[in-house]
Amino acid sequence: LDRQQKPRVTMQGKRTLLWLAGAFCLLLAIRFVSSRMWIRIEPGYAGVIDHSLSSGNNTVQGEGVHLIAPWKRVTPYDLRFQQTDIPLSVTSRDGITLPVTFSLRYQPNRHRLLSLHGTIGPEYLQRLLVPKTQAIAARVLNQYSWEEIYATKRSEIQDTIEQELRKACQQWLAIDDFWMKEVQLPEALKASFEMAAVEQQKKDAMRARMIRELGESMTAAPDSSAPGKAFEFKARGDMGGLNLPTLEELLPEPTPSKKE
């Protein structure tokens, strides 16, 4: 009797194991499918839902938890302001090669997200923003000398590049801010520029001092000696390259005489 019952127990055990294995596989499948059906879009993000395997068009979902079909793919986009640095090596008008770094703040346009996704994709930073910035900046900077790029017309250059970049990307992106973060000069040019800046500061200080002294002397001196002092200070200033005001600018306006 025991020999006849052992095979039955063995068959029942196998059936139980198969049932448990099937139930476990079913639970894994349900968990996998449910994880594909319930998606969470984080705050500040939007998701483009791809309906390419169905007859519908792509849609955009905002932040929150959403139920979708398991065969649909979701591509998240960060809609918050983001900042990036873009390096570039440019050649100035006078043939000097300058490594330049630009910084910009940008934000994808939510209302044009489907167009951005279909035309460029989530890699829009490397496929659109970086090459556009580099192309526009190289063309603009090529029109200026190294000194204008480094100092004298830096603000003008930034404004020009920013305006053109806004126009080029306005269909998909909003450019919030743009600036030239760093311009690296060759050591020889950097030293000469710093020396010239120091000399200019000395000239500005001397010019201000001479104009102040002239004003004080003309106030204290009789009217007959004022032109002579003005000519003297003007000559000294011209010799020093100070670009002092003209005699008409230095002398006070005559007081109109009253008619009796």
Side-chain angles (χ1 to χ4, degrees), residues 39-53 56-64 66 68 72-185:
I39 61 166
R40 176 180 174 82
I41 299 177
E42 299 296 331
Y45 283 74
V48 176
I49 301 178
D50 188 358
H51 295 266
S52 58
L53 296 180
N57 297 323
N58 292 349
T59 57
V60 177
Q61 292 287 355
E63 58 187 59
H66 306 276
I68 64 171
K72 295 180 180 179
R73 185 177 58 185
V74 180
T75 304
Y77 283 85
D78 190 349
L79 299 181
R80 299 169 297 182
F81 281 111
Q82 303 167 65
Q83 182 173 325
T84 188
D85 291 342
I86 300 178
L88 177 65
S89 181
V90 299
T91 303
S92 64
R93 184 182 60 202
D94 40 9
I96 305 299
T97 301
L98 303 172
V100 182
T101 301
F102 299 98
S103 289
L104 58 90
R105 277 167 48 89
Y106 63 94
Q107 180 186 39
N109 186 344
R110 189 187 190 285
H111 301 291
R112 301 291 299 171
L113 203 56
L114 288 177
S115 176
L116 175 65
H117 180 74
T119 307
I120 302 172
E123 303 87 8
Y124 61 87
L125 176 62
Q126 299 300 327
R127 297 177 62 182
L128 172 67
L129 199 52
V130 170
K132 280 288 184 184
T133 303
Q134 291 176 336
I136 294 172
R139 176 170 50 79
V140 172
L141 291 174
N142 188 250
Q143 304 171 16
Y144 294 86
S145 67
W146 69 266
E147 189 173 3
E148 292 171 336
I149 295 172
Y150 186 73
T152 58
K153 293 190 177 181
R154 190 162 180 161
S155 179
E156 174 185 321
I157 293 171
Q158 289 179 171
D159 292 342
T160 302
I161 297 174
E162 181 177 1
Q163 290 175 8
E164 295 196 23
L165 187 61
R166 286 178 185 272
K167 292 179 182 178
C169 300
Q170 65 182 353
Q171 184 177 359
W172 301 292
L173 303 173
I175 306 299
D176 179 63
D177 199 5
F178 177 89
W179 66 97
M180 199 182 303
K181 182 178 181 180
E182 182 182 16
V183 179
Q184 298 180 19
L185 287 180

> For the residue pair E156 and Y144, what are the closest heavy atoms and their distance?
Replying inline: OE2-OH, 2.8 Å
> In this structure, which one of T84, D176, L165 forms a side chain to side chain contact (heavy atoms under 4.5 Å, CB included) with Y106?
Replying inline: T84
> Okay, side chain of N142, backbone of T91: is any donor-acceptor separation there less than 3.5 Å?
Replying inline: yes
> For the residue pair E148 and R93, what are the closest heavy atoms and their distance?
Replying inline: OE1-NH2, 3.7 Å
> Closest approach of Y77 and V48, non-hydrogen atoms and distance?
Replying inline: CE1-CG2, 3.8 Å
> Which heavy-atom pair separates E63 from P43 by the least distance, and what is that distance?
Replying inline: OE1-CA, 3.3 Å
>> Quick one, R139 and I136 - any side-chain contact, counting heavy atoms below 4.5 Å?
In response: yes
>> Tell me if a side-chain donor or acceptor on E123 pairs with a main-chain N or O of L128 at a distance below 3.5 Å.
In response: no
> Is the side chain of Q83 donor-acceptor paired with the backbone N or O of R105 at a distance under 3.5 Å, no angle test?
Replying inline: no
> Does Q82 reach the side chain of L129, with side-chain heavy atoms less than 4.5 Å apart?
Replying inline: no
>> I'd like to know if the side chain of R154 reaches the main chain of Y150, judged simply by a donor and an acceptor atom lying under 3.5 Å from each other, with no hydrogens or angles considered.
In response: yes
>> Do P76 and I41 make a side-chain contact, defined as non-hydrogen atoms from C-beta onward lying under 4.5 Å apart?
In response: no
